Amino acid sequence: MFITKLTPLLNHTASGLSTLLAWLLGIFWIFPLIYALWAAIHPPEYATRFALNAPLSMENFHAAWEQAPFVSYMLNTVAITLLILVFQLVLCTLAGYALARIRFRGRGLVFALILMQLMIVPEILIVENYQTLASLQAIDTYIGVGLPYLASAFGIFLLRQTFKTIPQELEDAARIEGCSNLQIIWKVYVPLAKPTYLAFSLVSISYHWNNFLWPLVATNTENSRPLTVGMAIFGAPESGVDWSVISAGTLISVAPLLIVFLVFQRQFVQSFMRAGVK
Amino acid sequence: MSRNQQIYAWLLLLPALSLLAAFTHIPMITTFWRSFTSSGMQNNTGFTWENYRYLYEDDVFWQVLSNSLWYAAITVPVSMFLALGMALWVNSKIHGKSILRLAYFTPTILPMISVANIWLFFYTPEIGLFNELLSWFGHHGYNWLGDPDLSLYSLMLMTIWKEAGFFMIFYLAALQTISPDLYQAASIEGASRWTNLRRITLPLLMPTTLFVLVNAFLNAFKLVDHLFILTKGGPNNASNLLLYYIYENAFSFFDTAYAAVLTVVLLILLIALAALQFGVIERRVHYR
């Protein structure tokens, strides 16, 4: 009797506790970003002193902007990310179509070879890939930073899955209308796979915007250095920059991606989910 | 199937396949080759076990390997456990769940390098935020990154923060495929929330858990960006990890032959995990 009266109360307390825990964790998770924002918009002496009356200042952004060539880092990142994305979309479409719709000898083996890249990403083979790049004389170029990623196993896999769900009848109808093979891909398959293209693009952009190790070895001047590599140099303790300025620099470097994330939040989460349903 | 179709398929695959061969398959083979036929920066020195013998005798390697395994063994289960909690929370009727989801997921999309800069400040001994917090409680604080006993754990903490939100997404996707009918049936039986979790949710999440587990391990061996900012593997290799050690050998010590041997070790680890994953996926089919 007593227990049955107590259960709702216990349940209520448990759910209250659970909500509290959820929020504490949430605050801890978002805290570094909030902190960076705090440090960036206040004078350096307030970097660790959280006072409500601390004066606002844009000085840190100004200082960060002066100390690192953010414009060229940003342009390099955008150029590299887009270059990779465009090639990936084209190459993965062609390969994905072939694997989804054409029966050819060795299809299973080819697919297995492609999937290997899901486990063994190019940065694992950094030594050999660097030497390949050097022999192509592509060190410190956009295409050099992009080359190992232009063919994406993940993209091929996603598009193959999507293309398989498109009814064969649509292709047959287009063929009767006199479409060539490439026209069929372009006019039938690509438009119907739009959500997959969006999902893949978001994953690809966030991966390559954030990528560090390969760009670090593949670039050596500001001609091609992306934001991540620039930030690593900028934030190094030897460079004698203070925390407020580093925070401002960090915000400058993550702002574009953060804005894209906020705008496409739902698609972002869904595209990562799609990535999960491999 | 016509001959034309065959040729056509290969033509469509050619660009992607040649790039994959150039940057994944061929380098795997040449790495293996180099590990047996080179020394230092010199290639084609003839067949030799020398690099492997050196590997066996290299104390740093054994330390780095054990660091990597510890790092994976701790960060993977902890971040998966948190990820599961997060997914259950944002899938329930909690207040402000869209804000929470945003908070949990944000670290995933931020560059490791940039956020490591902020974490570096949290960890700094004199003025860092963590020690500042401890000082409120009268504690004099730790040298989070400079203490060999702590530096690897400090790295782990940041990795967990970075990864949990990413794994949450997989759990969230799986939770949304569970039919509400099951819970309705359970509530007619008078099942508590705890019973629901233990008897319905967790068993149905098993395939996802296995999938995330393997991928999380794969990830743990690939992720080293924060080392470049936080510790550079130090102090005295206490927080060094395999991929970073490969990078150091190749690009700081210019010993590409030894880097190749280390890469072979990493490849074996990754391929073993991949094989496990295929086993897991095979088994997933039987669950359905």
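Just so it is clear, the model here is predicted, and its values are computed rather than measured. Below, chain A is the first sequence line, B the second, and so on; all start at residue 1.
- Side-chain atoms of B/T106 and A/W29 include no donor-acceptor pair closer than 3.5 Å.
- Put simply, of B/T256, B/L13, B/V115, the one with the most heavy-atom pairs under 4.5 Å next to chain A is B/L13.
- Closest approach of B/L243 to A/E123, counting heavy atoms only: CD1-O, 3.8 Å.
- The distance from the CH2 atom of B/W10 to the CD1 atom of A/I102 is 11.5 Å, given to the nearest 0.5 Å.
- Proximity to chain A is absent for every atom of B/F167, based on heavy atoms less than 4.5 angstrom apart.
- Proximity to chain A is absent for every atom of B/L242, based on heavy atoms less than 4.5 angstrom apart.
- Of all heavy-atom pairs spanning A/A232 and B/I229, the tightest one is CA-CD1, 3.8 Å.
- Using a 4.5 Å cut-off between heavy atoms, B/L88 makes no contact with chain A at all.
- Taking a 6.0 Å sphere around CZ of A/F111, one finds it holds more than 12 heavy atoms contributed by other residues, nucleotides or ligands.
- Residue B/M28 touches chain A through both its backbone and its side chain, counting heavy-atom pairs closer than 4.5 Å.
- In this structure, the portion of A/L262 lying under 4.5 Å from any heavy atom of chain B is its side chain and not its backbone.
- Within 6.0 Å of CZ on B/F217 lie more than 12 heavy atoms contributed by other residues, nucleotides or ligands.
- To the nearest 0.5 Å, atoms OG1 (B/T24) and CG (A/L113) are separated by 10.0 Å.
- In this structure, OG1 in B/T30 is found 8.5 Å from CD in A/Q131, a value given to the nearest 0.5 Å.
- Only the backbone of B/A22 comes within contact range of chain A, with at least one heavy atom under 4.5 Å from a heavy atom of that chain.
- Summarising the geometry of A/I185 relative to B/Y8, their closest heavy-atom pair is CD1-OH, 4.4 Å, with the distance given to 0.1 Å.
- Contact count versus chain B (heavy atoms, under 4.5 Å) is highest, among A/L115, A/N181, A/V127, for A/N181.
- Both the backbone and the side chain of A/R105 come within contact range of chain B, judged by heavy atoms closer than 4.5 Å.
- Comparing A/L257, A/T93, A/V90, A/L25 by how many heavy-atom pairs each has under 4.5 Å with chain B, the most go to A/L25.
- Of the atoms belonging to A/L216, it is side-chain heavy atoms, and not backbone ones, that fall under 4.5 Å from chain B.
- For B/V212, no part lies under 4.5 angstrom from a heavy atom of chain A.
- Residue contact with chain B, scored on non-hydrogen atoms closer than 4.5 Å, involves the side chain of A/L99 exclusively.
- Both the backbone and the side chain of B/L12 come within less than 4.5 Å of a heavy atom of chain A.
- Proximity to chain B (any heavy atom under 4.5 Å) is shown, for A/S18, by both the backbone and the side chain.
- Between B/F105 and A/F261, the ring planes are tilted. Angles from 30° to 60° get that label.
- At a 4.5 Å heavy-atom cutoff, B/W194 makes no contact with chain A through either its backbone or its side chain.
- Interatomic distance, B/T31 OG1 to A/E128 CD, rounded to the nearest 0.5 Å: 4.0 Å.
- For the set B/I271, B/I109, B/L270, B/L19, the count of heavy-atom pairs under 4.5 angstrom toward chain A peaks at B/I109.
- Looking at B/T263, the atoms closer than 4.5 Å to chain A (heavy atoms on both sides) all sit in the side chain, from C-beta outward.
- Contact of B/F122 with chain A is made through the side chain alone, with heavy-atom distances under 4.5 Å.
- Between B/S114 and A/S253 the shortest heavy-atom distance is OG-OG, 3.3 Å.
- For the residue pair B/A16 and A/I156, the shortest heavy atom distance occurs at CB-CD1, 4.0 Å.
- For a residue to count as touching a neighbouring chain, one of its non-hydrogen atoms must lie under 4.5 Å from one of that chain's; by this rule B/S92 does not touch chain A.
- Residue contact with chain A, scored on non-hydrogen atoms closer than 4.5 Å, involves the backbone and the side chain of B/L110 alike.
- Within the 4.5 Å cutoff, the side chain of B/W89 has heavy atoms near those of the A/L21 side chain.
- With a 4.5 Å cut-off on non-hydrogen atoms, A/Q88 does not touch chain B at all.
- Of the two parts of B/L267, only the side chain, counted from C-beta on, holds a non-hydrogen atom closer than 4.5 Å to a non-hydrogen atom of chain A.
- With a 4.5 Å cut-off on non-hydrogen atoms, A/T228 touches chain B through its backbone and its side chain both.
- Heavy-atom distances place the side chain of B/F166, and not its backbone, under 4.5 Å from chain A.
- For A/L227, no part sits under 4.5 Å from any heavy atom of chain B, backbone or side chain.
- Highest contact tally toward chain A, considering only B/S18, B/A250, B/P107, is held by B/P107 [criterion: heavy-atom pairs under 4.5 Å].
- Interface check for chain B: of the options A/I126, A/V121, A/I114, A/L147, the most heavy-atom pairs under 4.5 Å are formed by A/L147.
- Both the backbone and the side chain of A/T19 come within contact range of chain B, each with at least one heavy atom under 4.5 Å from a heavy atom of that chain.
- One distance of note links CG of B/L223 with CG of A/L213; it measures 10.5 Å at 0.5 Å rounding.
- Atom CZ of B/F253 has more than 12 heavy atoms from other residues, nucleotides or ligands within 6.0 Å.
- Heavy atoms of A/Y130 lying under 4.5 Å from chain B belong exclusively to its side chain.
- Note that the CH2 atom of B/W161 and the CD1 atom of A/I30 stand 8.5 Å from one another [nearest 0.5 Å].
- When every heavy atom of A/P32 is checked against every heavy atom of B/W119, the shortest pair comes out as CG-NE1, 3.7 Å.
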